[in-house]
Amino acid sequence: MNWETLLDQELWIDVAVILAVTFVCYWVLRTLLSLIARRLDKVAAKAEGSHARILGFATEMLRRTSRFLLFAFSLLIGLKAAELPDRWAAMLSHGWFIALAIQIALWLDGGVRLWMESLTRDGKARNPVTTTIIGIMLRIVIWTMMLLSILANLGVDITAMVASLGVGGIAIALAVQTLLSDVFASLSIGVDKPFEIGDFVVFGDVAGNIEHIGLKTTRIRALSGEQIVCSNTDMLRQFLHNYKRMDTRRIVFKFGITKDTPPDKVRQIGGVVREIIEGLDQTRFDRAHFVAFDDFQLTFEVVYIMLTSDYNTYMDVQQEINLALLQRMADMEVDFAFPTQSIEFLGGRFPEVTVAGVASAQPTNDNSPRLA
């Protein structure tokens, strides 16, 4: 052990200067970051909307600055105050970059975490799985870029490494292409939002509420009570009806009256239907027409708009319309039609014969009846 080196006065003076500068810089940097965070906090309190949210994120990111890296910055500044060999100067340049790269990665990683936490806390993450996937992918990109930049600064050739990662990624993608297809479908659902948790959808033969959107599958609670699991890829491949986003509901229904109804009463029925529908809440009358001569009835077609998408409300309104039609048709002495069939007998008549108090008809010859 070289005691002369330990007793060198200049060495201890350099060490004292380095330590003094280090602690002073550490205190100054911490105070400066604290002042900036408080200032941003005050500005964020006065701001509104997304501006306040961004400022809040910036404030929280500054408060999460690593004390170890802050001390490393201070030490690097302190080492600048002393005369060091040339080889130390090269190491210090790398140290600056490494510390700065790690701290920037920590800030960005903290920002992504805060974004995910805010969506979950405020209930804005309508697809939590997709939000988590996007957050994990962003964090992987951040730390990968940090690592590659540090290696490049240290003089490592990262070209071959990046190429090997690309080849390995292609091989993995080919091996799990079905899973990746569903994962990207989940991301598409999260970004494009064709449906969300709680929406009532009709998908092929399935009708129910979206209960969970996962990494690979979507779960639907059917009207009959069971849970139906569908692949995310299949959900996007077929037509899907989302009834929760329906603001209004267009209703078309028909009814028929007997063919012996007088023309003047037939002409009045459209106005009667209009009066009934306009007298109800949450409805808008569209039209009511006598549209066809069918086999056993005069057919009316009615169209009206429900100003709400609620199915139960629609059924209540339709019931009121039907009951009002029954009453108004009875007041007008108009009969609703029902399927009828006429039978014509040729070649003779059927005299009435009373059997056990019941009138019946018996043929007077052998001719058979036929349907007309």
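- The shortest distance between side-chain heavy atoms of Asn232 and Leu236 does not fall below 4.5 Å.
- Using a 4.0 Å cut-off between a side-chain N of Lys or Arg and a carboxylate O of Asp or Glu, Glu278 and Arg284 do not qualify as a salt bridge.
- For Tyr314, the ring pair (Phe, Tyr, Trp, His ring centres under 6.0 Å) test picks out Tyr311, with sequence neighbours left out.
- Between Leu33 and Arg30 the shortest side-chain heavy-atom distance does not fall below 4.5 Å.
- The two atoms that bring Thr299 and Gln297 nearest to each other are OG1-NE2, 3.0 Å, heavy atoms only.
- With sequence neighbours left out, Arg39 forms a side chain to side chain contact (heavy atoms under 4.5 Å, CB included) with Val43.
- Considering CZ of Arg139 and OG1 of Thr144, their distance stands at 12.0 Å, rounded to 0.5 Å.
- Taking CG from Leu147 and CG from Leu151, the interatomic distance works out to 4.5 Å, rounded to the nearest 0.5 Å.
- Nearest heavy-atom pair, Asp109 versus Ile142, reported as atom, atom and distance to 0.1 Å: N-CD1, 4.1 Å.
- Ser309 contributes no side-chain N or O that, together with a main-chain N or O of Asp247, makes up a donor-acceptor pair within less than 3.5 Å.
- With sequence neighbours excluded, no residue forms a ring pair (Phe, Tyr, Trp, His ring centres under 6.0 Å) with Phe23.
- In the hydrophobic cluster analysis, where Ile, Leu, Val, Met, Phe, Trp and Tyr join through side-chain heavy atoms closer than 4.5 angstrom, Val112 is grouped together with Ile104.
- Heavy atoms from other residues, nucleotides or ligands lying under 6.0 Å from CZ of Phe68 number 12 at most.
- Summarising the geometry, atom CZ belonging to Phe253 is positioned 6.5 Å from atom CG belonging to Asn322; distances are rounded to the nearest 0.5 Å.
- The heavy-atom pair separating Ala288 from Gly270 by the smallest distance is CB-O, 4.1 Å.
- Closest approach of Thr218 to Ile210, counting heavy atoms only: CG2-CD1, 4.0 Å.
- If you run side-chain contact (heavy atoms from CB on, under 4.5 Å) between Asp335 and each of Thr258, Thr261, Ile257, Asp260, only Thr258 comes through.
- Side-chain contact, Gln327 with Asp331: a donor N or O sits under 3.5 Å from an acceptor N or O.
- Counting heavy atoms from C-beta on, the side chains of Phe336 and Leu326 come closer than 4.5 Å.
- No more than 12 heavy-atom neighbours from other residues, nucleotides or ligands sit within 6.0 angstrom of CG on Asp295.
- Here the CG atom belonging to Leu108 is positioned 13.0 Å from the CZ atom belonging to Arg113, to the nearest 0.5 angstrom.
- No side-chain heavy atom of Asn242 sits under 4.5 Å from any side-chain heavy atom of Phe203.
- Shown here are the ring pair (Phe, Tyr, Trp, His ring centres under 6.0 Å) partners of Phe293, two or more places apart in sequence or in another chain: Phe290.
- Within a 6.0 Å radius of NZ in Lys259, more than 12 heavy atoms belonging to other residues, nucleotides or ligands are found.
- You'll find the side chain of Ile276 reaches within 4.5 Å of the side chain of Leu325, heavy atoms only.
- Heavy-atom minimum distance, Ala207 versus Val202: CB-CG2, 4.0 Å.
- Under the 4.5 Å side-chain criterion, counting only non-hydrogen atoms from C-beta, Lys216 is not in contact with Thr233.
- Within the 4.5 Å cutoff, the side chain of Ile228 has heavy atoms near those of the Glu226 side chain.
- Ring orientation note: the planes of Phe255 and Phe300 are close to parallel, at an angle under 30° on the 30°/60° scale.
- Nearest heavy-atom pair across Cys230 and Met235 is CB-SD, 3.6 Å.
- Under the 4.0 Å criterion applied to side-chain N and carboxylate O atoms, Arg237 and Asp234 are assigned as salt-bridge partners.
- Ion pair Glu211/Arg221 flagged as a salt bridge, since at least one NZ, NE, NH1 or NH2 atom sits closer than 4.0 Å to an Asp/Glu carboxylate oxygen.
- Taken together through direct or relayed side-chain contacts under 4.5 Å among Ile, Leu, Val, Met, Phe, Trp and Tyr, Val302 and Leu298 form part of one hydrophobic cluster.
- A salt bridge does not link Lys244 with Glu196: none of the charged nitrogens is closer than 4.0 Å to a carboxylate oxygen.
- In this structure, Ile102 and Met146 have side chains that are in contact, with non-hydrogen atoms separated by less than 4.5 Å.
- Within a 6.0 Å radius of CD in Glu333, other residues, nucleotides and ligands contribute 12 heavy atoms or fewer.
- Here the side chain of Asp310 pairs a donor or acceptor atom with the backbone of Thr313 at under 3.5 angstrom.
- Every residue two or more places apart in sequence or in another chain that forms a side chain to side chain contact (heavy atoms under 4.5 Å, CB included) with Phe338 is listed here: Thr340.
- Its side chain within the 4.5 Å cluster rule, Val28 clusters with Val24, Trp27 among the Ile, Leu, Val, Met, Phe, Trp and Tyr residues.
- Once rounded to the nearest 0.5 Å, the distance linking CE of Met306 with CE of Met246 reads 10.0 Å.
- The closest side-chain donor-acceptor pair between Arg38 and Ser34 falls under 3.5 angstrom.
- In Asp281, the CG atom is not crowded: 12 or fewer heavy atoms of neighbouring residues, nucleotides or ligands sit closer than 6.0 Å.
- To the nearest 0.5 Å, atoms CG (Asn209) and CD (Gln227) are separated by 12.0 Å.
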